[in-house]
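Whatever order the structure lists ligands and atoms in, that order sets their numbers, starting from 1.
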Amino acid sequence: MKIASIVGARPNFVKLGPIHRSLKGSGIKHLIIHTGQHYDYEMSDIFFSEFTLPKPDVHLGVGSGSSCFHIGEIIKRLESELLEKQIDLVLVYGDTNSTLAGAICANKCNIKLGHIEAGLRSFDASMPEENNRILTDHLSDYLFAPTTNAVNNLKKERIRGKVYHTGDLSVEIIGKTKSISKKSKILEILNLKSKSYLLLTMHRAENTNSKYSFIQLLETFEALKDITIVFPIHPRTKKMFETFGLLGRLLECSNVRTLLPVGYIDFIALLQNSLKVVTDSGGIQKEAYLLKVPCITMRKNTEWIETLKGQWNVLTGVNSKKIVKAIKKPSPGFKYSKSAFGTGKTSQVITELLSNVVLN
Ligand code: UD1
Ligand code: UDP
């Protein structure tokens, strides 16, 4: 029996880590197919090296382009690989273009499909990720849902495939990385003291496509002159700062420490030691929650609604006034439920399901 994981973007690699380890331990033959959606060292290879993942068995090398380009090109290049390698089951992760392309290709090649992180919904159809995850879920034979809310979303949609409540991989990923990150030198290198700075990331298309969002972000930086803000910049965001002619204004914000994207170990070190995190990322909202770091989410909605409980996560959109208010607010009390994301055995649960139910 052969399983192929289709991955291509940073959040896919993070989830692949524990699944690959667990499948390897079970004796199931597991192939990694990298679509090439992300390709910079710090967006791709660094995760393979930090998670001690092997070099991908296949690299499709699609590179950057529109969603149609990504999806079309991945399907075209993937088909022969799946058929020639006689794959029995394809695994896809999350909600990226690589996820949807892998799902469509598996379906068209008549290969069983499993979706890890199934059932999440932001109920915002303007997000490319929302459409990717809905389409992927409806093509899937096996849906590995991280939370009760995700299971309920799938039930409401009368999903065709089999739904399993598995917990979320981030519990074990964070559990492992938390201690490794203590050895990270990133704070020392940046001359930062623990709990003396804010961490910020922004890359979502709905934010980076609008000049208004960038102006709001800059106004936030300018309103917070006394606080250091650490900002690892996603390549999409850097490109758009340039396109909107705002890179100069960013560089004038002396409280902002701009960095290239950092690897996972350094990122978790930065997150753990931050006062608060400001982000539009999906994964970071959950990681902040698990590390008990208050999160300010520059979106109008979230698919990770569990994190909103007890105000650990506050939705502000990219609105300077709301972000500044949320930053200045005292941190929330400990009305906090870690168990919403499971007990940290998700990769084992999924592997057992694959061995006992799916592949038999
Ligand atoms: C993708 C995912 C998003 C996820 C994010 C994680 C989709 C629709 N979106 O968004 O859900 O949160 O990854 O980081 O799949 N670029 C580089 N080097 C790279 C990769 C990208 O320079 O290694 C630049 C290119 O100019 C590219 C742009 O970033 O056009 C956007 O990349 P893309 O993969 O299309 O989307 P992301 O914003 O990364
Ligand atoms: N991440 C990282 N380095 C960075 C920024 C993010 O390692 O500079 C990690 C982050 O912790 C998360 C993963 O990359 O687990 C994916 O986050 P991203 O925001 O790129 O994607 P999303 O979760 O929004 O799809």
### Query
Within the structure, does D280 bring an N/O atom to less than 3.5 angstrom of an N/O atom in ligand 2?
no
## Note on the structure
If you scan protein heavy atoms around atom 21 (O) of ligand 2, the nearest is P11 CG, 3.7 Å
### Query
With under 30° as parallel and over 60° as perpendicular, where do the rings of F214 and F241 fit, or are they tilted in between?
perpendicular
### Task
Identify, by atom number and element, the atoms of ligand 2 in contact range of F47, meaning under 4.0 Å from any of its heavy atoms.
7 (O)
### Query
Would you say ligand 2 has an N or O under 3.5 Å from any N or O of I284?
no
### Query
What orientation do F47 and F13 show, parallel under 30°, tilted 30 to 60°, or perpendicular over 60°?
tilted
### Query
Looking at G263, which atoms of ligand 2 are within less than 4.0 Å of one of its heavy atoms?
7 (O)
### Query
Would you say the side-chain atoms of S44 and H34 include a donor-acceptor pair closer than 3.5 Å?
yes
### Message
Tell me the contacting part of S281 for ligand 2: side chain, backbone, both, or neither, using a 4.0 Å heavy-atom threshold, strictly below.
### Response
both
### Message
Any nitrogen or oxygen of H234 lying under 3.5 Å from a nitrogen or oxygen in ligand 1? Just yes or no.
### Response
yes
### Query
What protein heavy atom sits nearest atom 13 (C) of ligand 2, and how far off is it?
V14 CG2, 4.0 Å
### Task
Could you check atom 6 (C) of ligand 2 against the protein and tell me its nearest heavy-atom contact, residue, atom and distance included?
R10 CZ, 3.6 Å
### Query
Closest non-hydrogen protein atom to atom 11 (O) of ligand 2, residue and atom name please, with distance?
E287 OE1, 2.6 Å
### Task
Please check if any side-chain donor atom of T99 sits under 3.5 Å from a side-chain acceptor atom of T96, or the reverse.
yes
### Query
Are any of the N/O atoms in K239 less than 3.5 Å from those in ligand 1?
yes
#### Entry: Qualifying residue for side-chain contact (heavy atoms from CB on, under 4.5 Å) with L200, from V230, I323, V278
V278
## Note on the structure
For P261, the atoms of ligand 2 under 4.0 Å from one of its heavy atoms are 8 (O)
### Message
With respect to E129, determine whether any N or O atom, backbone or side chain, lies less than 3.5 Å from an N or O atom of ligand 1.
### Response
yes
### Under 4.0 Å to a heavy atom of G283 - the qualifying atoms of ligand 2, by number
22 (P), 23 (O)
## Note on the structure
A student comparing M127, M240, H203, R10 should find that the heavy atom closest to atom 5 (C) of ligand 1 comes from H203
### Task
Establish, from distance only, whether the side-chain atoms of T208 and H203 form a donor-acceptor pair under 3.5 Å.
no
### Option of least heavy-atom distance to atom 2 (C) of ligand 2 (set: I174, D266, V262)
V262
### Query
Which one holds for H234 and ligand 2: side chain close, backbone close, both close, or neither close, with close meaning a heavy atom under 4.0 Å?
neither
### Query
Hey, which atoms in ligand 2 end up nearer than 4.0 Å to a heavy atom of R204?
22 (P), 24 (O), 25 (O)
### Query
Below 3.5 angstrom, do we get any N/O pair linking H38 and ligand 1?
yes
